[in-house]
Each structure stands twice: as structure tokens, then as C-alpha cells.
Amino acid sequence: MNYRTDRIILIIFLLISTAVAFLPYFVQSEYLLRLITVVIFWIGIAGCWNMMSGYTGYIDFGPVVYFGIGSYVAAIAMTKYMVPFFPSLFLSGLISAVIAFFIGIPTLRLKGAYFAIATFAFAEAMKQISLEFDRTFKVSFFQGSDGITLPISGHDNSFFFYCILPVTFVVMLTHYFIEHSKFGYGLKAINEAETAAEISGVNTTANKLRAYATSAFFLGLYGAIEAYWITYITPSDVFNVQKTVQMVIMTLLGGMGTFLGPIVGATFLTLISESLGTRFVEYYLIMIGGIIIVTILILPSGIIGTLKIRKRLRFI
Amino acid sequence: MDTVFAQALINGLLLGGVYAAYSAGFSLIFGVMGVVNLAHGELIMLGAFTSYWLFDFFNLDPYLSAPFAMFFLFVFGYLVQKYIINQVIGQPHIMSYILTFGLHLMVANIAIKMWTQDFRSITTTYSGANAAIWGLNIPYARLVTFIVALFVTWALWFFLMRTETGRAIRATAQDKEVARLMGVDIRNIYAITFGLGAAITGLSGSVMSPFVIISPEMGLEYTIIAFCVVVLGGMGYMPGALVGGLVLGVAQSLAATYLNAGVSVAITFVILFIMLIIRPTGILGKGSVA
């Protein structure tokens, strides 16, 4: 491993993060600040997916479920039990991680397409359950398709900017830790040859579970923040499969199992959708489809991955 | 046995037949190539639209336009596999999932662009007609689809077991390297398999067109149901689609009758999830496990 380039990248990353942290003081336009916040938000979410699926090669098709659980925990804690925002935020992450732990035990034994479908099924099941629970049991808890309206925060965009930035920062630091720790080597070994890794003494189950629960923890945080930001959630919104798709495509575009991948992919795709999506609304999804197909055919390892292979560089 | 229960059971079996009809192609494509085709619903959509336009322009009955849909989708599937999906054969399976998802987005949205998002339906003389036997209603159109499902399962089995191409497909599914060494052109076999899967899916879309709502966005939910059906029956095991479809259809119909329609969808996914955990090879235990 070439540690020098990695360290340079880390230093650049820290410098940029510090610079970004002061942006709300300089950026006057609310629109621009919101756009930057959305980019950082997606970098973090794509990073959560990359942490689990990018490194281990276990393709999770239902990460959005932990996002949704986070949203619902926060919403229910704040509206039904009058818990303030920050404790509910923490609770969201915790409950997401605990659920991920218990779901992970049976599902992480499955391989390939089976894991992908099981996670997808779990996400869809949770969406349907939160939609139908109240009507079936005649209670008012998830509030089904009516959705839950959270207390209006009264905070401006910069408040949410400062909520999201530290989380994304920690997500990316976790990536750096994964790249340079035994735990991370274990995850990469699972991707390359799981049986061989197990024989070599990697506790594959524990490693996978840790990665899965960690990514669920952060997704729970994002879900809670978004719920508080938007102030209104419905099951079809927070468990929307479109979010999963975004995470996967962003990471894939940037490069799966790389540190820079989610950053590059999420920034690129968010800016594309912001510029093209508003100008060519009707053709936007066709173009996204086209971009996906072209990426897979021309750059199957993503932008960063291809760069690494072409230039024969070893960096994160 | 009371009438409500019997009617629910019949509805479930007929619904199951519909499920089986459009899931067989999904199972075939997965079984041979390991591709989870996320653009599966779009194949159904294209089949249904083929029938719709032929009905609209030439007043051609959907059952008569079914062969056209089959032919059109065979060509479509063959070309898609040959020029797009074949490019990622040697790579991890994730590539094919995402590639087919890209296809799903493109096909569905181009269809929206061409045909708008309107909901359409084909109204034939037999569209709402029922056969009434012992106080039970049996919709003709669904009965025909059920029979088509049985026929497709049989024909597919016959094709795979009794023809030379079928043998090559089975060999490729078992071990593509050895098949290649035995002189099978696997790229061509893959293209034929995808074309075949697309053709029977298009056929199902066509025979379903008299009783379903046709719109460019209909695809995704069919893909999801096909997932469930194929997992229940055993992925890659052809007759499994029939078994999985019937089980799922009956379970959904009973849940919708005795609880409510929303719960029946929830139950679908809970069954799917539990099934994958405890018995990933399907109800009959004959599916392939990656």
C-alpha cells in the first residue's frame, strides 16, 4: 500500500472539509447553500452504501429501509413522545443499527442475487407495513399514507448544513479507517474470495455484520435529519426505492470500494440532475438510464476505479 | 366450503396463473445466465402495447396479435442481450443488475415520451365477461391467461428437454466453460435465451392486455412480483414459476378477501423475505443457489 498518496489525499480531504465548514458564512444565496447541502447529503448516503456493498461485494438493494426507519423513529419520538431533536437523532441511528444487526444475522448468510433480493424484500415489506399497520390494527402510530407532520423546526438551511456535514465527515473518515485497518482488509478479502478469507482466519460474519450495522447507523441519522428538514414524511417517500437506486448508481459511477468514489459519483450526479434535471425534465430519466448503461459498458470500475487501473496508481 | 372462500380460492388460482405466465421468462433468464433482469416488467409492457396498438389501428384481437408480440420481443431481447448484456458476461453479477436497471429506466421513459403517461385499456367483447358455475364467477380472459401459463411452462420444458438448442441452453446453464469447449457458441445461446425469455414474457403481456391497465410505467411492479414468484418456486427451475405463482396468487387473494388489499402486498414481501432466509431454493427445493 502506498501510504504517502493516501495521506496526501486525507490531508486534502481534511482541508477541503474545513473550508466547506465555513461556507455558510460566505455563501449569500440560499439556493446555492441548499444545493451544497444536498451534495454533501448524497455523498454521505452513497458512502453508507459503499461502506457495506462497495467493500464486501454484497449488493444491498434495500439500504433505504434504514433511512426510512431513521425518519420514522425521529418522527414518532418527536411527535408522540416529545423528545427533542438531537436525542431523537441519536435514537434513530441506534435503532437502525440494532435492527440492521438482527436482520443482518440471517440475511448476510445469503449470497449474490439472493442477498440483493432479500434486502429489497425487507425494504418493501417495511414500507407496506408502515403503510398498513394502523388500518389493520386500528391504532394511530405510523399514520399510514397520511404521513407524519413533524414540528416545524424554524431553523434555516445553515442549521441543516451543520447537521449533515459532520455526519458525512464521519462517514468518510470511517472509509479512511476501513481502507487502513485489518477490518477493512477483512472486508476486501470477503469481496475477493470469501471462503479463502474465512480459512485465513477472517471472522467473515462478524466483519460483514459490523459493516452492515455501521452503514445502517449512519443511514438512520440521515433519515432523521431529512425528516426534520422536510418536516413531513410518508412511507412511500422515505422508503422510496429510488433512493436505493441513487446510492447504487452514485457509488458505481464514482467507483465501488474506493474512498473517493462516493464523493466523485454523488457530486457528479447531483450536479448533473440539478442542471439537466431542471432544464430537460422530460428527458432526464432517459439520460440517467443512458448514463448508467454507458458507465457499465465503458467504465465498469467507475471513474476512480478506472483511473486507478489505467494509471496503475495505488491510492484510496 | 362457503362461497366466499371458494371464490377467493378461484380468484387466487387465476391470479396465480397470470403471475406464472409472466414470471417464467424471468426464471429462464436467471437460470441460464444469472441475470436478474430488472427490465422484466418493461418486456410485459412492450408486449401489452404491441397488442394495444394492433387493436387500436387494425382492430386486431389481442389473442391474434400475441404472435406478433412474441416475435417483436424475441428480436428485441435477442438484440439487447447480443449488443448490451453480453458485454458484461465475465464481470460480477451486480453489473448485469445495474445494466438492466438502466435499460428499465430508458425503455420506460422513452415509452412515456412516445405514448404519454395515459392509462389505456383494451375493451373487447369478452373483457368483463364471466362464466358463472355454481354461483362462482370465472372471468374468461383470466382463464385463458391461466391456460397460456400452463402451455408456456409445458412448451418451455419441451423446448429445453427435447431440442438441440434447448440442450445447448441447459449445458450453458450448468457450466458455460465446458459448454464452450464442447463447441457451444455461448454468446449466441445467451442471446437466444434472452430472446426466448422476452418472447414468452411478451406473450403474457399480450394475453393479459384485455384485463390489465396498460401504461408505460406499469413495468416495475410486475418486475417485483416476478421476483417473488420466482423465489417462491425456486430460481432457475422452470416449473417453479407455476408453483410459485399459484401459491402467491392464492395467498394474496385470501389475504385481500379476509384482511385488506394493502396487507396482501405486505404479506407478499414478508413471505419473500422469510422464504429467502429459511428456504432459498424455493418451495420445491429445486432452485439454484448461487
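Every chain is numbered from 1, with letters handed out A, B, ... down the list of sequences.
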K.L.:
Is chain A contacted by the side chain of B:Val231, its backbone, both, or neither, given a heavy-atom distance below 4.5 Å?
P.N.:
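Just the side chain, heavy atoms under 4.5 Å.
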K.L.:
I need the A:Ile291 CD1 to B:Met106 CE distance, nearest 0.5 Å.
P.N.:
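These two atoms lie 10.0 Å from each other.
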K.L.:
For B:Val270, is it the side chain, the backbone, both or neither that has a heavy atom under 4.5 Å from a heavy atom of chain A?
P.N.:
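Both backbone and side chain.
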K.L.:
With a 4.5 angstrom heavy-atom cut-off, could you sort out which part of B:Ile84 is near chain A: side chain, backbone, both or neither?
P.N.:
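Both parts, backbone and side chain.
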K.L.:
If we define contacts as heavy-atom pairs under 4.5 Å, which of B:Leu105, B:Ile112, B:Asn109, B:Ile267 has the most with chain A?
P.N.:
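That would be B:Asn109.
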K.L.:
Using 0.5 Å steps for rounding, measure from the CZ atom of B:Phe101 to the CD1 atom of A:Ile288.
P.N.:
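Spacing of CZ (B:Phe101) from CD1 (A:Ile288) equals 10.5 Å.
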K.L.:
Measure up the B:Tyr97 and A:Phe61 rings against each other and bin them: parallel (under 30°), tilted (30 to 60°), perpendicular (over 60°).
P.N.:
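Perpendicular, since the angle between the ring planes exceeds 60°.
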K.L.:
With chain A, which of B:Val36, B:Ile98, B:Leu220, B:Thr100 has the greatest number of heavy-atom pairs at distances under 4.5 Å?
P.N.:
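Most heavy-atom pairs under 4.5 Å with chain A: B:Ile98.
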K.L.:
Can you confirm if the aromatic rings of B:Phe227 and A:Phe120 lie within a centre distance of less than 6.0 Å?
P.N.:
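Centroid separation for A:Phe120 and B:Phe227: below 6.0 Å.
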K.L.:
Any chance you could measure B:Ile277, atom CD1, to A:Arg109, atom CZ, to the nearest 0.5 Å?
P.N.:
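That separation rounds to 6.5 Å.
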K.L.:
Indicate yes or no: at least one non-hydrogen side-chain atom of A:Ile117 is less than 4.5 angstrom from one of B:Leu276.
P.N.:
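Contact flag for A:Ile117/B:Leu276 side chains = yes.
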K.L.:
Sort B:Ile85 into side chain, backbone, both or neither according to what part of it lies under 4.5 angstrom from a heavy atom of chain A.
P.N.:
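For B:Ile85, there is no contact with chain A at all, as no heavy atom is under 4.5 Å.
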K.L.:
At their closest point, which heavy atom of B:Leu272 faces which heavy atom of A:Ala121, and how far apart are they?
P.N.:
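Closest pair (atom of B:Leu272, atom of A:Ala121, distance): CD2-CB, 3.4 Å.
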K.L.:
Can you tell which part of A:Val245 gets under 4.5 Å to a heavy atom of chain B, answering side chain, backbone, both or neither?
P.N.:
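Side chain of A:Val245 only, per the 4.5 Å heavy-atom cut-off to chain B.
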K.L.:
Checking B:Leu103 against chain A: side chain, backbone, both or neither under 4.5 Å from a heavy atom?
P.N.:
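Contact with chain A is through both the backbone and side chain of B:Leu103.
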K.L.:
Only one of A:Phe115, A:Phe122, A:Tyr114 forms a ring pair (Phe, Tyr, Trp, His ring centres under 6.0 Å) with B:Phe273, so which one is it?
P.N.:
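Output: one option passes, namely A:Phe122.
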K.L.:
Shortest non-hydrogen contact from B:Lys113 to A:Ile286?
P.N.:
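Shortest heavy-atom separation between B:Lys113 and A:Ile286 comes out as CB-CD1, 4.5 Å.
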K.L.:
Between CE of B:Met95 and CD1 of A:Ile296, what distance do you get to the nearest 0.5 Å?
P.N.:
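Result: 5.0 Å between the selected atoms.
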K.L.:
Is atom OH of B:Tyr258 surrounded by more than 12 heavy atoms (other residues, nucleotides or ligands) closer than 6.0 Å?
P.N.:
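Counting neighbours around OH of B:Tyr258, more than 12 heavy atoms of other residues, nucleotides or ligands fall under 6.0 Å, so yes.
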K.L.:
Taking the side chain as C-beta and beyond, is there a heavy-atom pair between B:Leu99 and A:Ile292 under 4.5 Å?
P.N.:
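The answer is no, as the side chains (C-beta and beyond) never meet within the 4.5 Å cut-off.
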K.L.:
Side chain, backbone, both or neither: which part of A:Ile293 has an atom under 4.5 Å from a heavy atom of chain B?
P.N.:
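Contact with chain B involves both backbone and side-chain atoms of A:Ile293.
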K.L.:
Measure distances from A:Leu285 to the heavy atoms of chain B and classify the residue's part below 4.5 Å as side chain, backbone, both or neither.
P.N.:
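For A:Leu285, the contact with chain B is made by backbone and side chain together.
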